[in-house]
Amino acid sequence: MKIGVFDSGIGGLSMQRAISAYLPQYDYVYLGDTARAPYGGRTHDEVYTYTKEGIDFLFEKGCSLVVLACNTASARALRQIQQEYLAVSHPEKKVLGVIIPTAEAVTLDCGSVFRKVGVMATQATVESLTYKIEIQKLDPTADVVQVAAKELVPLIEDGKIQDTGVFLEKYLKELTEQNIQALVLGCTHYSLLEDKIQNIVGEEVKVINQENIIPQKLKDYLSRHKEIDDKLSQGSSIEFYVTKETTHIHELATLWYHKDPKLILVNITKHTT
Ligand code: DGL
């Protein structure tokens with residue numbers, strides 16, 4: 001069985017790269033739902049339905065474990081998928097998100113040094129309050145301030161990374177004015193902007209990129225769950241699927257993945273049950 005990695009688009013390719021660099025022995029299947037990205041302005045029901053279709057596709061491709069690299073899917077759909085769908089229809093399969101491991105990284109794993117944590121994410125992730133809830137479950141005294149960066153994902157998907165600066169200045173000012181000590185990049189797409197973001201917030205703010213957290217957390221999870229690890233095949237392969245060929249998809253995919261990942265076009269809507 002393989003490990004699936006799901007994102008609303010191709011932003012998760014950088015997470016795929018980080019995971020497969022850290023755990024190169026496994027077989028992976030990446031799916032980016034480029035036909036319906038961005039998810040960030042979508043309703044709970046849309047994000048749930050699309051994420052479930054993505055997971056079904058990955059299960060059919062032989063995945064027994066799926067990582068939702070997408071924060072919006074993790075925030076909006078993960079709990080319902082675990083409790084209502086997997087528990088009933090696929091009790092032997094696992095779907096993991098990125099928000100709880102990130103919350104652990106900014107609290108317990110660093111001795112709860114950050115008293116005020118900023119989160120920049122999509123509108124759907126911010127409105128779900130998932131980051132605030134999960135961070136404060138682990139450290140009730142931590143203050144969490146959020147900003148929904150609505151314009152960033154569409155600009156990045158359109159290949160206009162050079163136009164993100166003015167929006168970054170505006171959003172990050174809202175957070176730095178509140179004296180944050182750490183900033184969570186709560187969306188796969190923002191890792192491409194990490195250097196620009198660090199320049200704007202200054203060295204005194206610790207920028208938290210999930211690519212530095214999730215691979216290690218996945219390794220820890222597999223070492224704690226031998227029954228899952230034992231089922232995973234170890235052929236060091238990766239297949240890449242997307243649901244639409246967008247204008248800039250190949251140049252962006254290469255930016256994220258650091259080489260052309262050879263994307264295969266697929267229709268996943270037929271997987272709705
Ligand atoms: N990949 C999504 C995330 O990590 C953001 C992009 C979108 O809005 O679809 O939240």
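Whatever order the structure lists them in is the order used to number ligands and atoms, beginning at 1. Index from 1, following the sequence. What you are looking at is a predicted structure, and each value in this text was computed from that prediction instead of being measured.
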Item to check | Side chain Asp33, main chain Ser8, donor-acceptor under 3.5 Å | outcome: no

Checklist outcome for this item: Between Asp27 and Ser233 the two heavy atoms that sit nearest each other are OD2-OG, 2.6 Å

Item to check | Taking every non-hydrogen atom, the tightest pair across Thr102 and Ile208 | outcome: CG2-CG2, 4.5 Å

Next on the checklist: Just checking Phe240 against Tyr257, ring centres under 6.0 Å apart?
Outcome noted: yes

Checklist entry - Do Tyr241 and Phe57 have their ring centres less than 6.0 Å from each other? => result yes

Checklist entry - Near ligand 1, which residues have a heavy atom under 4.0 Å away from one of its atoms? => result Asp7, Ser8, Pro38, Tyr39, Gly40, Cys70, Asn71, Thr72, Thr122, Val153, Cys187, Thr188, His189

Checklist entry - Which residues pass the side chain to side chain donor-acceptor pair (under 3.5 Å) test with Asp220, sequence neighbours left out? => result Gln216

